[in-house]
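Here's the structure we're looking at; comments come further down.
Convention: sequence-line order gives letters A, B, ...; per-chain numbering from 1.
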Amino acid sequence: MSHFDEAGAAVQAALDAGARYADARVMVCRTESMTARDGAVEDLGSDESAGLGVRALVGSSWGFYAVPDLSEPAARAAGRRAAQIAAASARVAGPPAELMPSAPVTASWASDCAIDPLSVPLSDKGDLLVRATLAAKEAGADLAQAGYAIWDTHKWFVSSEGHRIDQHIRECGGGVTANAIGDGEVQRRSLPGQYGTRGWELVDELDLVGNAPRLAEEARELLTAPPCPAGETTLVLGGSQLALQIHESVGHAIELDRILGWEAAFAGTSWLDLTRLGSLRYGSELMNITIDPTFPGALGSFGFDDEGTPAAKRHAVRDGIWVGVLAGRDSAAVAGLDYAGSVRSDGWSRLPMVRMTNVGLEPGPHTLDEIIAATDDGVFMETNRSWSIDDRRLNFQFGCEIGYEIKNGRRGRMLRNPTYTGIGPKFWQSMDMLSSETVAWGTPNCGKGQPGQIGHTGHPAAPARFTNVRVGVHG
Amino acid sequence: MSAELQIAAKVVELVRELAGRSAEAEVTVRHHALALTRFANSAIHQNVAEATTGVRLRLHLDGRTASGSSTLTSVDGLRSLVERTLSAVRVTPPDPAWAGLTKPAALHISAGHPGSGEHSGLAFGFDEATARATPDERAARVRAFVDAAGGLETAGYCRTVYVSAAFANTAGQAVEGRTAEAAMDGIARDAGADGVARLAASRLADLDGAALGARAAAKARAATAPAELPSGQYEVVLEPTAVADLLQNFAVFGFNGKSFVQKQSFAELGKEQFDPSVTIVDDPLGSRGEPAPGLPFDDEGTPARSLVLVRDGVTQAVAHDRTSAAQAGTESTGHGTSTSRSWGPYPSHPRLEAGPAPAAGSPGASAAVAESARPLVARMRRGLLVTDLWYTRVLDPKTLVVTGLTRNGVWLVEDGEIVRPVSNLRFTQSYPQALGPGRVLGIGGESVLLPGAWEDARYAAPALHLASWNITGNASG
């Protein structure tokens with residue numbers, strides 16, 4: 001069933017009410033999630049949501065209105081309301097708003113999916129989670145949790161410039177966590193919750209049951225492991241932790257709306273200065289960061305963004321030099337750039353905004369084993385436990401679930417409560433070894449914007465080595 | 001009967017029809033109208049509104065539980081929701097933790113505890129004008145904020161939220177209520193220094209954009225050319241905006257009933273875990289004259305009430321839904337949400353009680369210092385005045401060790417006077433330890449209402465004078 005007509009009615013109503021540009025998205029979304037704890041299903045939810053959001057540009061000002069009603073009268077009313085809201089924006093107007101040119105597109109796109117996750121019987125899914133948590137408990141976890149999430153989204157997009165695009169995006173993923181509770185502390189080991197624009201085959205590949213005992217044993221061992229020592233050392237990061245490092249200290253920093261100050265109050269700004277685009281050294285020559293919504297199966301993949309711009313791969317950092325940003329049509333026009341394509345919303349009721357797609361680190365020549373073998377003295381850390389970074393995306397501090405000493409090219413003792421801290425560009429410039437073992441990690445919980453939105457982003461990443469990093473910061 | 005209660009009753013009726021009398025069902029219907037006018041670079045750049053009615057059904061049948069929700073409220077849409085949830089519950093594994101339904105119980109509302117809907121027949125403080133606020137009214141406050149900043153670059157938002165909700169279950173509980181809220185939050189920027197002002201209210205009319213803009217600008221002007229300080233333990237005065245972060249982390253991780261049951265919370269009932277000057281109350285129904293910030297019932301139909309979490313330094317309670325309460329051998333405190341079974345129930349309207357009426361603040365105190373903080377600053381020998389905490393994340397849930405940064409203004413204070421602005425600092429600090437016995441040197445005389453970063457929480461916080469705060473680095477390296 002198509003919803004182009006309702007979206008078209010909203011756009012036309014906005015134009016009739018004085019808008020010089022309008023676009024509308026109808027979205028029909030189904031989500032399903034389940035959690036289990038200690039051998040029993042804890043929560044199962046199945047949600048359905050349908051509605052229309054319309055964006056109108058009146059003069060130099062934007063307005064956005066959203067309704068859950070997909071009738072044409074409701075769509076027209078929403079279009080008029082969006083134009084009214086835009087008119088009110090003119091009380092505190094900014095500089096003239098323009099949009100980077102975009103050729104109208106008529107297209108359909110659907111993500112690849114081998115096993116429709118919504119078609120897998122709930123009893124099978126529940127059984128999987130129950131078995132995974134039981135396996136962790138039997139191996140010594142004091143508390144075992146497992147869960148999965150599925151998102152199935154249909155979108156119909158129409159613009160006053162002639163775009164008519166429908167997309168069907170299916171995403172899912174899951175994970176398992178084992179907790180060990182000691183005297184005054186809790187230790188946790190988890191399979192990094194992995195998510196992608198894929199079908200249930202992704203969850204099958206995670207082998208939640210097979211991994212659970214190892215996680216439980218590691219959580220118990222962490223309770224008595226020595227704490228991560230404090231000081232400066234060589235740091236080797238596993239791929240999933242590096243994915244979050246990319247997300248926080250590169251992905252958010254290259255969002256053009258932040259660079260332009262549009263997120264200054266809530267999310268903050270960026271240390272990056274557009275006048276240095278193309279010349280600023282962000283990291284070592286090993287650092288090649290791409291923005292790639294075409295990356296197969298990654299959580300930030302799509303056919304077209306929520307402004308109708310086709311997905312395309314480009315560099316954000318090439319050989320360590322900053323060369324690109326995540327942009328939308330309006331922010332690109334302000335910055336004088338000739339590309340957009342990174343605007344999305346988390347649902348029909350939210351305004352599309354600049355969002356990470358798949359922001360990833362291109363692979364290097366080594367393996368993790370080779371990196372460790374080449375390290376005389378250092379620490380290996382894996383799986384994120386906490387993350388914090390300043391409002392300009394410079395000063396970060398991350399905690400990981402587990403660490404290991406590296407001595408004379410070998411992985412040694414387990415270390416508990418490992419943390420590391422640094423300044424983004426200094427840290428990236430210290431990267432001197434990079435693995436080829438890339439995995440597209442998914443982050444399904446990226447918060448941004450007001451009203452708040454939850455973004456789904458992908459981060460292809462492989463293990464890497466960094467020198468002279470401060471580790472072992474404790475309270 | 002409100003439109004929301006009619007929908008809830010219809011869903012209960014459909015459950016009876018499709019699942020039979022043995023099914024236990026609870027239904028929450030929430031009409032949510034949110035409007036937010038956002039500004040940056042001193043201009044409105046995002047101006048949005050949405051109005052959604054969502055229906056959530058939780059069904060328990062033959063020992064199994066499943067939940068479903070929908071925004072489709074036609075009869076066909078509601079029938080589809082019930083059928084879908086019924087299909088799910090029949091193939092779901094058994095649920096040994098099911099705690100049953102809330103029995104019919106009256107709401108704890110009165111003229112003194114306002115906040116219910118007009119259908120209750122009770123006096124209440126609900127503000128129709130806020131519920132019906134226009135984009136022009138929000139824009140006017142933004143205009144005032146920008147103008148009051150006197151040419152400094154500004155950014156922030158003004159928002160209004162209206163919620164009308166109802167709950168019904170197959171045990172006969174049927175309740176309804178409404179609430180409205182407004183909030184404004186903005187920064188002013190001067191030569192790389194930011195200053196902030198934010199305020200929550202139950203009436204849009206109580207938000208003075210000009211006053212907030214002037215405060216943010218005063219802070220920004222006083223924060224330029226900051227110096228760097230070395231790491232170490234510092235005495236601090238936290239302004240209410242920063243104290244709200246403490247309340248949030250205490251609420252979400254410490255006073256969370258599920259975390260408590262799972263022994264992952266610091267909370268130990270009956271133990272003196274805080275300084276004797278500390279009393280923390282969760283107050284969804286409002287008090288001291290301000291209208292209710294929350295609904296008078298939770299998503300399980302349990303009537304909301306004030307909950308004393310800490311009294312005179314002794315931990316008294318944690319928040320429970322029906323599941324965590326059953327596991328803890330106690331009663332629900334009315335903190336059930338759609339996610340409380342998985343994430344855990346937590347207080348969303350915590351108040352740190354203000355201290356005794358303070359001595360008169362310093363007459364010449366800088367406008368950059370929050371009023372509630374001035375008497376505390378005046379008696380600090382050497383320490384930091386902190387406006388805001390930013391990007392705080394828990395390193396260990398049990399000890400509630402948190403790392404984060406300062407933001408929007410930090411100053412070094414010596415002998416009661418601000419001597420210079422300081423650049424942002426990273427801290428790594430156990431929050432319960434910071435407020436532990438003997439660690440609280442003073443509490444401001446006024447609790448300020450503050451919005452949560454996400455819309456459904458509100459904090460009431462005075463300024464706080466603490467003996468020590470663990471600074472672990474400088475934001476610039």
Side-chain angles (χ1 to χ4, degrees), chain A residues 35 40-51 61-68 81 84-86 88-89 91-94 121-123 126-127 130 143 181 184-186 261-262 264-266 349 351 385-391 394-395 397 399 417 419 421 423 450-452 473-475, chain B residues 34 36 38-41 43-52 66-72 84 88 91-93 95-96 135-136 139 142-143 146 155-157 186-187 262-264 341-342 390-391 393-398 401 403-405 407 424 426 428-430 454 470 472-473 475 477:
Chain A
T35 58
V41 168
E42 186 172 53
D43 203 13
L44 163 64
S46 167
D47 306 318
E48 186 171 30
S49 172
S61 301
W62 288 101
F64 175 84
Y65 191 67
V67 288
R81 186 75 183 272
Q84 290 166 1
I85 292 171
S89 300
R91 282 184 80 138
V92 195
L122 280 167
S123 52
D127 183 55
V130 166
L143 174 70
I181 301 172
E185 70 174 319
V186 177
W262 297 0
F266 179 60
S349 65
L351 179 73
R385 189 169 182 183
S386 71
W387 62 101
S388 174
I389 190 164
D390 72 26
D391 53 304
L394 272 171
N395 176 289
Q397 181 169 315
N417 299 334
T419 59
T421 187
I423 300 292
Q450 293 176 305
V473 182
H474 299 293
Chain B
L34 163 68
L36 188 146
R38 202 172 185 212
F39 58 107
N41 297 323
I44 293 173
H45 69 312
Q46 291 170 9
N47 203 349
V48 304
E50 55 107 349
T52 308
S67 300
S69 76
S70 181
T71 60
L72 308 175
R84 175 162 47 90
V91 294
T92 300
D95 173 18
D136 280 323
V142 172
R143 176 83 269 162
V146 171
Y157 73 81
I187 61 170
Q262 294 179 345
K263 303 187 188 321
Q264 300 200 60
R341 260 201 142 194
S342 52
W390 162 253
Y391 218 128
R393 290 293 182 273
V394 175
L395 295 180
D396 178 61
K398 185 83 177 174
V401 173
T403 188
L405 299 120
R407 196 182 168 189
N424 282 324
R426 175 170 290 285
T428 306
Q429 172 67 52
S430 163
W454 298 76
N470 186 30
T472 51

Max heavy-atom pair count under 4.5 Å with chain B, selected residue of [options]:
options	value
A:G261, A:P121, A:A86	A:G261
A:T421, A:L143, A:L394	A:L143
A:A40, A:G399, A:G184	A:G184
A:G63, A:G94, A:G45	A:G45

[X] to [Y] - nearest heavy-atom pair and separation:
X	Y	answer
B:T71	A:S49	OG1-CA, 3.4 Å
B:Y157	A:Q450	CE2-NE2, 3.1 Å
B:V48	A:P451	CG2-CD, 3.7 Å
A:A264	B:I187	O-CD1, 3.6 Å
B:P397	A:V186	CG-CB, 4.3 Å
A:D47	B:G68	OD1-C, 3.9 Å

Do A:T35 and B:R341 have side-chain atoms, one donor and one acceptor, less than 3.5 Å apart? no
Quick one: of B:A43, B:A66, B:S67, B:A40, who has the most non-hydrogen atom pairs under 4.5 Å with chain A?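 Most heavy-atom pairs within the cutoff with chain A belong to B:S67.
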Only pairs of heavy atoms separated by less than 4.5 Å count here; which of B:N41, B:V394, B:D95, B:I44 has the most with chain A? B:I44
Against chain B, label [X] side chain, backbone, both or neither, depending on which of its atoms sit under 4.5 Å from a heavy atom there.
X	value
A:I181	side chain
A:L122	both
A:A93	backbone

B:R84 versus chain A, the contacting section by heavy-atom distance below 4.5 Å: side chain
Side-chain heavy atoms of [X] within contact of [Y], under 4.5 Å:
X	Y	result
A:R91	B:V142	no
A:V92	B:F39	no
B:R426	A:S388	yes

Atom pair [atom1]/[atom2] of [X] and [Y] - distance to nearest 0.5 Å:
X	Y	atom1	atom2	result
B:T403	A:I389	OG1	CD1	11.5 Å
A:L351	B:Q46	CG	CD	5.0 Å
B:N424	A:N395	CG	CG	9.5 Å
A:W62	B:N47	CH2	CG	12.5 Å
A:E42	B:S342	CD	OG	6.5 Å
B:R38	A:W262	CZ	CH2	11.0 Å

Side-chain ion pair, A:R385 and B:D396, N-O less than 4.0 Å: yes
Can you list the steps and then say if A:Q397 with B:L395 is a side-chain contact (heavy atoms from CB on, under 4.5 Å)? CA-CA 10 Å; A:Q397 181 169 315; B:L395 295 180; 4.2 Å; yes
Sidechain-backbone polar pair: B:R407 side chain, A:D391 backbone, donor-acceptor under 3.5 Å: no
